[in-house]
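In what follows, a structure is listed as structure tokens, so that the remarks can point back to it.
Ligands are counted one by one from 1 in listed order, and the atoms in each one are counted from 1 as well.
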Amino acid sequence: METADLIWQNGEFVPWAEAKTHVLSHGLHYGTGVFEGIRCYETERGPAIFRHREHLERLGKSAQLYYFELPYSQEQLRAATHELIARNGLRSCYIRPLAFRGYGEMGLYAHGAPIEVIIAVWPWGAYLGEDGKKHGIRTKVSSWRTISGDSLIPHAKASGQYLNSILAKTESANAGYDEAILLDQHGCVSEGSGENVFIVRDGVLVTPGHTSAILDGITRNSVVQIAQDIGYRVEERAIARAELYLADEVFLTGTAAELVPVRAVDDHELGEPGEITRVIQAKFEDALHGRAEEYLEWLDFVDVPAGTGEPSKVSG
Ligand SMILES: Cc1ncc(COP(=O)(O)O)c(C=O)c1O
């Protein structure tokens, strides 16, 4: 992976190589962590974080769902992220805040283990590749079902839950596909290993609703808004597996992947990205890069002093 100079760790800016934690950290053993994936884009007005407030709010809710008390407010985390991007001299980057139970107590009721918080930023290109964004990716329906709401919390973005996504992603990659699509416990379409799913049938966009064990994707929410603003109808409902094969268009949405067309599902060819996917993708890209006036409110502009490029000294 690409690196940056500094990581924010428990209130301090530390050199990348020195951001360390104890091997008996609770989160390492039991997956007790909550995190976010956020992106900052270069715009004409400087670096801008896409829907920063919504991501920090979701982090707070994920924390609450796992009975974590975050030791920092959303405003403190926002300010730390701005300073971190500026001090690393980055114009665009991926942003990873993570809160996890640290070292101090073992066992499953370890409320004595402190909550540690880090924020890392680094340059990270399109998760499923630039070619995938242009021409579409090949997907496979996973044999692994999405975690269900009666055993874990699909609405939380929690570290341990990603073992489910990792099994699905590994299976699809080992079989030669770009991404996995998981079904829920009822056999209906749920989501990708790290993305929400949309299909287009007869000009209508359809995406699974909240009872389908999905993460409430911030990209999903943005795409629904954009589609409706353009004038498309959007339905939230259960999607049968075969509808993926019968759809006119299919695409995935997520912060890391952005909006990625799907060109095949289980070797059923859908072909090059369709018209509606392209129209929404173009508008979404405009929104990310500050080119869409109507969505400027989604951007949290980072104050980067002129000439930044060299991080200033590390403070304690
Ligand atoms: C399991 C899962 N579903 C959906 C998403 C898409 O969410 P967002 O658009 O907020 O990045 C992600 C990525 O965060 C994810 O990990």
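- Ring centers of Phe301 and Tyr41: at least 6.0 Å apart, outside the cut-off.
- Judged by the 6.0 Å distance and 45° axis criteria, Arg87 is positioned over the aromatic ring of Phe13.
- Inter-residue side-chain proximity for Tyr72 and Asn10 is flagged as met; some heavy-atom pair is nearer than 4.5 Å.
- Salt bridge Glu36/Lys157: absent, no basic N to carboxylate O contact under 4.0 Å.
- A donor-acceptor pair under 3.5 Å links the side-chain atoms of Arg58 to the main chain of Asp216, judged by distance alone.
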Please tabulate, one pair per line, all N/O donor-acceptor pairs under 3.5 Å involving side-chain atoms of residues 194-205, not counting sequence neighbours.
from, atom 1, to, atom 2, distance (Å)
Asn196, OD1, Gly217, N, 3.4
Asn196, ND2, Leu215, O, 3.1
Arg201, NH1, Glu243, OE2, 3.2

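- At a 4.0 Å heavy-atom cut-off, the residues surrounding ligand 1 are Arg58, Lys157, Tyr162, Glu191, Ser193, Gly194, Glu195, Asn196, Leu215, Gly217, Ile218, Thr219, Thr253, Gly254, Thr255, listed by chain and number.
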